[in-house]
Protein chains: 2
Amino acid sequence: MAKEPVAECCGFLHLHEEAVHKVLSEMPPDETLYDLAELFKVFGDSTRIKILYALFEAELCVCDIAQLLGVSQTAISHQLRVLKNSKLVKFRRDGKTVFYSLADDHVRRIIGQGMEHVTE
Amino acid sequence: MAKEPVAECCGFLHLHEEAVHKVLSEMPPDETLYDLAELFKVFGDSTRIKILYALFEAELCVCDIAQLLGVSQTAISHQLRVLKNSKLVKFRRDGKTVFYSLADDHVRRIIGQGMEHVTE
DNA sequence: TCTATATATGAATATCTGTTCATATGTTAA
DNA sequence: TTAACATATGAACAGATATTCATATATAGA
């Protein structure tokens with residue numbers, strides 16, 4: 001992902017060769033890092049965080065979520081699509097109603113870790 | 001955070017009263033949810049993710065990071081400020097050089113959880 | 001079929017964000 | 001002090017993003 005590090009940096013090399021090598025060898029591929037950033041971007045919006053939190057407790061339909069959070073149906077629907085694309089939520093249709101729920105436990109764990117940092 | 005839920009939703013209430021109450025009672029305060037989203041927003045950029053990954057292995061100066069990642073010094077400096085404001089990195093000055101390192105283990109854990117979701 | 005309801009989608013817009021460029025600050029050595 | 005270097009910062013610009021509005025799709029019931 002990075003350029004071949006040149007022999008010197010700021011006039012001399014603070015980082016010795018071994019460390020440079022270790023940093024570069026442990027760095028995941030660019031594409032993975034990009035996907036990771038994309039994932040966190042999804043968590044980086046308070047409307048989506050609220051949706052996910054609401055789904056912690058119960059399976060909910062679009063309209064319920066909109067009511068609970070005081071956000072328009074359209075806005076919720078757009079955000080649910082984002083969450084769906086990231087495989088963070090799943091859904092089932094029941095007649096006219098579509099129920100959404102958390103896709104798996106990663107969501108809880110990721111939010112849990114973030115919460116620890118925020119509330120300490 | 002949410003409006004008082006009205007008695008009906010989509011014409012009838014999919015969510016029974018108890019569930020509504022539980023969702024609302026378990027929901028953290030708006031300010032906390034906002035902070036949480038702000039935190040994840042910081043992780044939601046591939047340049048910042050790369051910086052954090054580089055710091056997994058070693059304490060690095062601004063110039064080293066820029067070289068390793070192939071990004072301009074100015075861009076790195078701006079992003080380090082964001083990471084610093086979120087208390088994800090700390091730094092020490094040594095002469096003209098400023099060395100950055102991870103603030104604590106939350107960073108590793110949060111990225112680790114995200115990585116699990118991305119690479120599965 | 002037609003109507004009502006629940007949800008989804010596309011376009012438009014205002015806001016936010018990351019990078020670049022120019023420049024300032026802080027430190028060392030001469 | 002002056003020069004050189006490492007880093008930080010402010011303004012500007014381009015690109016991304018969340019919401020709104022209008023409308024489309026899907027399902028149920030009459």
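Below, chains carry the letters A, B, ... as their sequence lines are ordered, and counting in each starts from 1.
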Rounded interatomic separation in angstrom, taking CD from B/Gln67 and C1' from D/dC5: 14 Å
Which nucleotide in C/dT7, D/dC5, D/dA28 has an atom nearest any side-chain atom of A/Lys96: D/dA28
Among C/dT9, D/dA8, D/dA18, the nucleotide that comes nearest once only the side chain of B/Val62 is considered: D/dA8
For atom CD1 of A/Ile76 and atom P of C/dT7, their distance in whole Å: 11 Å
Protein-nucleotide distance (A/Arg92, atom CZ; D/dT27, atom C1'), rounded to Å: 15 Å
Contact under 4.0 Å: A/Arg81 side-chain N or O vs C/dT7 OP1/OP2: no
For the student: nearest non-hydrogen atoms of A/Leu102 and A/Lys90, plus distance: O-NZ, 3.1 Å
Within 45° cone of A/Phe40 ring axis and under 6.0 Å: B/Lys41 NZ or CZ: no
Phosphate OP1/OP2 of D/dT9 contacted by B/Thr74 side-chain N/O (<4.0 Å): no
Sugar-phosphate only, base, or nothing, as touched by A/Phe91 at under 4.0 Å among non-hydrogen atoms: nothing
Between P of C/dT20 and CD of B/Gln79, the distance in whole Å: 11 Å
Given DNA chain D, 5'-ward residue of the pair A/Arg48 and B/Lys84, judged by closest heavy atom: B/Lys84
Quiz item: A/His78 side-chain donor-acceptor pair to C/dT7 base, under 3.5 Å: no
Under-4.0 Å side-chain N/O to phosphate OP1/OP2 contact, B/Arg93 with C/dG26: no
Neighbour count above 12 (heavy atom, 6.0 Å) for A/Glu116 CD: yes
Integer-rounded Å distance: C/dT7 P and A/Leu60 CG: 11 Å
Any B/Ser72 side-chain nitrogen or oxygen under 4.0 Å from OP1 or OP2 of C/dT20: yes
B/Phe56 six-ring centre to B/Arg108 NZ/CZ under 6.0 Å and within 45° of normal: yes
Residue whose nearest DNA chain D nucleotide is more 5′ - A/Gly95 or B/Leu80: B/Leu80
No-H, no-angle donor-acceptor pair, B/Gln73 side chain to D/dA8 base, under 3.5 Å: yes
B/Ile51 CD1 - C/dG18 P separation (whole Å): 11 Å
d(CG, A/Leu69; C1', D/dA18) in whole Å: 15 Å
Non-hydrogen atoms of A/Lys50 and A/Leu69 that approach each other most closely: CB-CD1, 3.7 Å
